[in-house]
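Here is the structure we will look at.
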Amino acid sequence: MSSLEERDVGVAAAPGSSSAGLGVGAVGAAMEAAAGIAAMQEEVGIRREGPESDPDEPPKKRPKVPESESGKLEERLYSVLCCTVCLDLPKASVYQCTNGHLMCAGCFIHLLADSRLKEEQATCPNCRCEISKNLCCRNLAVEKAVSELPTECTFCLKQFARSSLERHQKEECQDRVTQCKYKRIGCPWQGPFHELPAHESECSHPTKTGTELMGILGEMDQSHRRDMQLYNSIFSLLCYEKIGFTEVQFRPYRTDDFITRLYYETPRFTVLNQTWVLKARVNDSERNPNLSCKRTLSFQLILKSKVNSALECSFLLLKGPNDTNETDYVPLPISDSVECNKLLAAKNINLRLFIFQVQK
C-alpha cells in the first residue's frame, strides 16, 4: 500500500511539476519578448532624435537674436552709415563721393562753401577725391536705411523709427512740451502735454480783471504796430509811379590783396534809365571767414551813371543813394549760416532787385 501510495503521489506529483515548469517558461518568454520590443522602441527613438529628421515634421523656428546682439548690430550700422565729416547720422539728404564715402547735406554744402572761400578744389575728407554738385550724387538706399533706424524721443525716452519721430514728438507724445491756451493773455505755463488739461482747469488768467490784462494787451499792440508799419512801408513803395526791377547775378571774384578775399559783384544793369552795380561780401570782409561757423552776406548798391542832382530812390532792403553814389553795406536777409553756405556753394547767386524812385 505504501508503494502504491508513493506511486500515486509520484504520479500525482509528476503532472503537477510538469505543468509548473511550462508556466514559468511561458512567462519568461513573454518577458524576454517585451524587453526586446522595448529595446527596439528605444533604438528607434534614438534614431529619430539623431541628425536624420522626419520629413513630415514642421521646420524648426529660427532662434531669436538676443537684445544685446541686436544692439551691437545697430551700433555697427550707426558707424557704417554715419557722415564721414561730423560722424553723426544724416537727418536729410545723403551725398557720396565717387568712391562711395557718405556725407550729410550740411557737411557737403559746408565743404563746397569752404573751398569757395579758400579758392581751392573741394575734396572728400576720406579719400581726397574731388567733390562737387556734378561729381557727387545722393544715396537713396542709405537715406531709407537711416530713416528706419531707431532713435530715442527726447521727451518720453521711447524708441521710434527716425522717419516717424518728428510726427510723434509734434502730435502724439504725451510728454512733449506744450503751452497753455491762455498764453495770449499772459500765462507763462509750460509743461508736458498730459498735464495740460489739469492746468487749464485751474489756470487763474481767465479770471483776471481787465485792468490786470491791460499791460499784456499793450505789449501785443506794440508788436502788431511794428508789423503794420512794415506792411504799410511796402505798400507805400508799391504806390510809386516809377518802379523798376531786374534779375541780377552775383559772380565770385578775388581781391588783389596779399591775402585774397572773396567778394561778389554783378555785371552792370540798367533800371529806371540808370546804370547800377551790386556788390556783396562775406562776414563784412573778415580776414579768414572760412574759420568761422557763422557766416553772413552783405551787399551794397552802386550807381554807375553820372547824374547832375541827387537821385532819391528806395528799395525793399535799404534806401538808395542820395548824396553819394554808393550805399552802405546792409546784411542780406538770410535765415542762418546754413542758408548762407548754400549760396556760397553755388556757382552764381541769382537775385531779383526792385528799385522805387521817389517823386519830388
Side-chain angles (χ1 to χ4, degrees), residues 66-68 70-75 77-78 81-83 86-94 104-107 109-110 143-235 292-296 316 331-342:
E67 294 183 0
S68 60
S70 64
K72 293 179 181 178
L73 175 61
E74 292 175 4
E75 291 178 2
L77 287 176
Y78 276 100
L81 302 177
C82 69
C83 171
C86 63
L87 302 180
D88 196 4
L89 282 178
K91 297 181 180 179
S93 304
V94 180
C104 65
C107 292
I109 295 299
H110 201 282
E143 292 179 11
K144 181 64 177 176
V146 170
S147 67
E148 296 301 325
L149 286 177
T151 186
E152 193 176 75
C153 174
T154 55
F155 302 118
C156 63
L157 305 181
K158 295 180 180 179
Q159 296 284 335
F160 295 92
R162 289 176 172 265
S163 56
S164 61
L165 179 65
E166 184 178 359
R167 179 171 59 87
H168 166 76
Q169 290 183 340
K170 287 184 177 181
E171 302 175 4
E172 300 173 356
C173 184
Q174 294 296 311
D175 293 331
R176 67 184 187 271
V177 178
T178 186
Q179 296 177 337
C180 177
K181 67 179 180 180
Y182 301 111
K183 177 189 174 183
R184 293 177 58 86
I185 56 175
C187 180
W189 182 87
Q190 287 185 347
F193 179 78
H194 64 83
E195 296 180 3
L196 180 62
H199 164 76
E200 290 182 347
S201 62
E202 300 175 357
C203 185
S204 61
H205 282 74
T207 59
K208 286 189 174 183
T209 62
T211 305
E212 295 174 335
L213 296 176
M214 285 301 296
I216 301 171
L217 296 177
E219 295 178 359
M220 294 175 59
D221 290 341
Q222 289 182 3
S223 176
H224 179 68
R225 279 195 294 268
R226 286 194 297 266
D227 294 339
M228 288 303 299
Q229 185 178 3
L230 175 62
Y231 290 129
N232 290 333
S233 62
I234 294 175
F235 286 124
S292 175
C293 294
K294 185 178 181 180
R295 291 172 183 170
T296 59
L316 291 179
L332 194 68
I334 304 174
S335 58
D336 52 22
S337 298
V338 176
E339 295 297 324
C340 186
N341 282 331
K342 290 180 180 180

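Along the sequence shown, residues are numbered consecutively beginning with 1.
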Minimum heavy-atom distance Glu200-Tyr182, with the two atoms named: O-CE1, 4.2 Å
Considering non-hydrogen atoms only, spot the tightest contact between Ala198 and Ser201 and give its length. O-OG, 2.7 Å
Atom pair [atom1] ([X]) and [atom2] ([Y]), whose distance is rounded to the nearest 0.5 Å:
X      : Y      : atom1 : atom2 : result
Lys158 : Asp175 : NZ    : CG    : 8.0 Å
Gln159 : Thr151 : CD    : OG1   : 7.0 Å
Cys83  : Leu89  : SG    : CG    : 10.0 Å
Ser163 : Glu143 : OG    : CD    : 13.0 Å
Glu202 : His199 : CD    : NE2   : 9.0 Å

Could you check whether any side-chain N or O of Arg176 sits under 3.5 Å from a backbone N or O of Phe193, counting only pairs where one atom can act as donor and the other as acceptor? no
Check: Asp336 side chain, Glu339 main-chain N or O, donor-acceptor pair, under 3.5 Å: yes
Could you tell me whether Glu166 atom CD has more than 12 heavy atoms of other residues or ligands within 6.0 Å of it? no
Show the numbers, then the answer: is there a side chain to side chain contact (heavy atoms under 4.5 Å, CB included) between Tyr78 and Leu87? CA-CA 9 Å; Tyr78 276 100; Leu87 302 180; over 6 Å; no
List the residues meeting side-chain hydrogen bond (donor to acceptor under 3.5 Å, both in side chains) with Gln174, not counting sequence neighbours, and say none if there are none. none
Walk me through whether Phe160 and Arg167 qualify under side chain to side chain contact (heavy atoms under 4.5 Å, CB included). CA-CA 11 Å; Phe160 295 92; Arg167 179 171 59 87; over 6 Å; no
Under the side chain to side chain contact (heavy atoms under 4.5 Å, CB included) rule, what do Lys144 and Glu148 come out as? Steps first, then yes or no, please. CA-CA 7 Å; Lys144 181 64 177 176; Glu148 296 301 325; 3.5 Å; yes
For the pair Ser164 and Glu172, evaluate side chain to side chain contact (heavy atoms under 4.5 Å, CB included) and give the outcome as yes or no after the intermediate values. CA-CA 10 Å; Ser164 61; Glu172 300 173 356; over 6 Å; no
